[in-house]
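Throughout, a chain's letter reflects where its sequence line sits, starting with A, and its residues are numbered from 1.
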There are 2 protein chains.
Amino acid sequence: MVTRDDVARHAGVSVAVVSYVVNNKNNVKEETRQKVLRAIEELGYNPNMAARSLKTRKTNQIGVLFNNLGNSFETGISLGLEQRARQYDQSLIFQTYIRSEEHKLKSIFSGRTDGIILMGQSLKPETIEHFAKFGVPLYSVLKPVQDHAYVRSIDIDWYDAMLKLVEHLKSLGHHKIGFMANAMHDHYHHVRFLHFRQAMEASGLEFEEHSLLQAGGYLESAYDRMSNRIKANPKLPFTAIVCAGDLMAIGVLSACKDCGLSVPGDLSVAGCENILMTSHTTPTLTTIHYPRKEIGYMAVDTIMGQIHNGDEPTDSTFGFELMIRQSTVKPTG
Amino acid sequence: MVTRDDVARHAGVSVAVVSYVVNNKNNVKEETRQKVLRAIEELGYNPNMAARSLKTRKTNQIGVLFNNLGNSFETGISLGLEQRARQYDQSLIFQTYIRSEEHKLKSIFSGRTDGIILMGQSLKPETIEHFAKFGVPLYSVLKPVQDHAYVRSIDIDWYDAMLKLVEHLKSLGHHKIGFMANAMHDHYHHVRFLHFRQAMEASGLEFEEHSLLQAGGYLESAYDRMSNRIKANPKLPFTAIVCAGDLMAIGVLSACKDCGLSVPGDLSVAGCENILMTSHTTPTLTTIHYPRKEIGYMAVDTIMGQIHNGDEPTDSTFGFELMIRQSTVKPTG
DNA sequence: TTGTACGCGTTATCAA
DNA sequence: TTGATAACGCGTACAA
């Protein structure tokens, strides 16, 4: 490894001058500056980020806590995070959240992260307070199920979104509407379910417990759950179903196809998120558009504001859009 | 921030003892150990990783260079990387590769990364040699188009895979086979195209230049490219098309559907990678299975071997599988 | 405009 | 079994 000392020696200046040059201080004579730059070039010197972090107490790294790297919704958000972070010269360090290993986060992130972006995880209060104590900002895209004063978030207004979706289905003539939820109740999907129920009530529709399907959050488990449900009794107690995530909705579409149930003929299906695939399924999928990239940008902007200006973050809400596509039509019969 | 000194003072021992306890050295009296552990607990101490890295010259971070975080093939690989890295207590630091900013990688990764995993990028020799000089291992999942002695890789045997695929199509009766390639020639997709051409030749089939469609690597651009091609002349010069990636193949499926071309009736379509969606498209997609998770594991194992045991990495090859699904059938007429 | 010297929080060496 | 203390590479106050 080439260090600042090597450069200083090679350029025949002191270490301080090398630092000045590297950090673009304007107090170095142009001639010396060139000498130093040449030495840096010749030796292939790069400042050691760990050492710099130690001194400056800034790591230029932002932690990102995933639920599942294989979920294109979450990676879509991080695409926005990554783009914006790059503009701030920040690196992203990714971790998959595993509740049983939550305590490890404290050591993993300590001294290597200026702030942490969550994806709707409800961390244990103890963990949150640890980071709060040491002034590491936590900010969440997707509102966590369990609120905590230190963790603010940016999300769309799921109640309003669900209301629009339910009203859409109701206006088509659907009165019995099912829901496919994520069986993990502290998952960000759960927020959508809660708001769906409220929206149903506000729309004067009754949600029946046997119209609730619980699945894992992903495609295959939704496929399995729906297939089994249809095989158990092909006569479903609802004419439309809303899924807490698009991947689940795609699994439902697939299950219906394989079980001989026609979508949207026999059943209307809607999802949440508007991932890219939803406009290329057969039929294309009605869904709620979550502006992934924009929210990613906003999250990075917010957390950078916290880190560098000590801004107090607040909960904020972003606009959504109801994407009406082929998978929801008026019920037959 | 709570430091080791705070813990030492609080526990009434020297800083060295705290280190011993933290690092599980077995030379500490059980009684003192408990005292220290209690102090750590009470103060909420966590060792500062930056400081530790500085001293030990190990960062416990592995850099991962993406091409596109929004590509589920790549995130599928990193799912494997992440799982295995976790077992080694390594964190992953993600960067999207942008050729015009390649020089920044040197500073971004220096002193914060023990090794770097590439995803088939052909880095500039200058960049590679920089990391080589400082002993930072580079290892690639997916063989880069341009070989370099310092960058070994793990990949499937694309020639063999393409041969199996071409033979499959040929045995169905296809003799005119098109290819949708990625217009970026240093992209990992390009390797697949080269081997496809070799496979065609080996199978005694002629590949005609006008059967080559160039698109961006992703769904939408493939959709656009294929749509335009069909609109320009619905009579295609091939009865089957192989796409360099599954996302492109899905775009092609979608374009055919929207342009009134029946798959597989009018055109057989095949992809590469076997991403999850390919078994849920209409029709389901014939593709080459790339074992993402396993290769991710292998990549981490290999780079850990390099870092900790100084193992010399070699190119290795993993098994693939030809997934024959609904999108390829014998041509009509 | 440049150089010296200290401290950031660790680990590790060596004495005690 | 423990305690001093010297690095690790960097930024910067202060002196020159």
When the distance from [atom1] of [X] to [atom2] of [N] is rounded to whole Å, what number comes out?
X: Lys25(A); N: dG11(D); atom1: NZ; atom2: P; answer: 9 Å
X: Asn23(A); N: dG9(D); atom1: CG; atom2: C1'; answer: 13 Å
X: Asn26(A); N: dT1(C); atom1: CG; atom2: P; answer: 9 Å
X: Met49(B); N: dT10(C); atom1: CE; atom2: P; answer: 10 Å
X: Asp5(A); N: dT4(C); atom1: CG; atom2: C1'; answer: 13 Å
X: Arg112(A); N: dG9(C); atom1: CZ; atom2: P; answer: 16 Å

Considering residues at least two apart in sequence or located in another chain, which fulfil the ring-ring contact (aromatic ring centres under 6.0 Å, His included) criterion with [X]?
X: Phe134(A); result: His130(A)
X: His308(A); result: none
X: His185(A); result: His190(A)
X: Tyr290(B); result: Phe73(B)

- Message: Among residues at least two apart in sequence or on other chains, which ones pass side-chain contact (heavy atoms from CB on, under 4.5 Å) with Asp147(A)?
- Response: Lys143(A), Arg152(A)
- Across all chains, not counting sequence neighbours, the side-chain contact (heavy atoms from CB on, under 4.5 Å) partners of Ser19(B) are Arg4(B), Asn23(B)
- Among residues 126-138 of chain A, which residues get a heavy atom nearer than 4.0 Å to DNA chain D? none
- Task: Applying side-chain hydrogen bond (donor to acceptor under 3.5 Å, both in side chains), run through Asp311(B) and Gln306(B) and close with a yes or a no.
- Result: CA-CA 4 Å; Asp311(B) 295 353; Gln306(B) 288 187 70; over 6 Å; no
- Item | Nucleic acid footprint by protein, nucleotides 2-8 of chain D - heavy-atom cut-off 4.0 Å, B for base, S for sugar-phosphate alone | BBBB-BB
- Which pairs with one or both residues in residues 7-59 of chain A pass ring pair (Phe, Tyr, Trp, His ring centres under 6.0 Å), sequence neighbours excluded? none
- Give Lys58(A) one of three labels, base, sugar-phosphate or nothing, depending on what nucleic acid heavy atoms sit under 4.0 Å from its own. nothing
- Taking only the side-chain nitrogens and oxygens of Arg52(A), find out if one of them lies under 4.0 Å from OP1 or OP2 of dG9(D). no
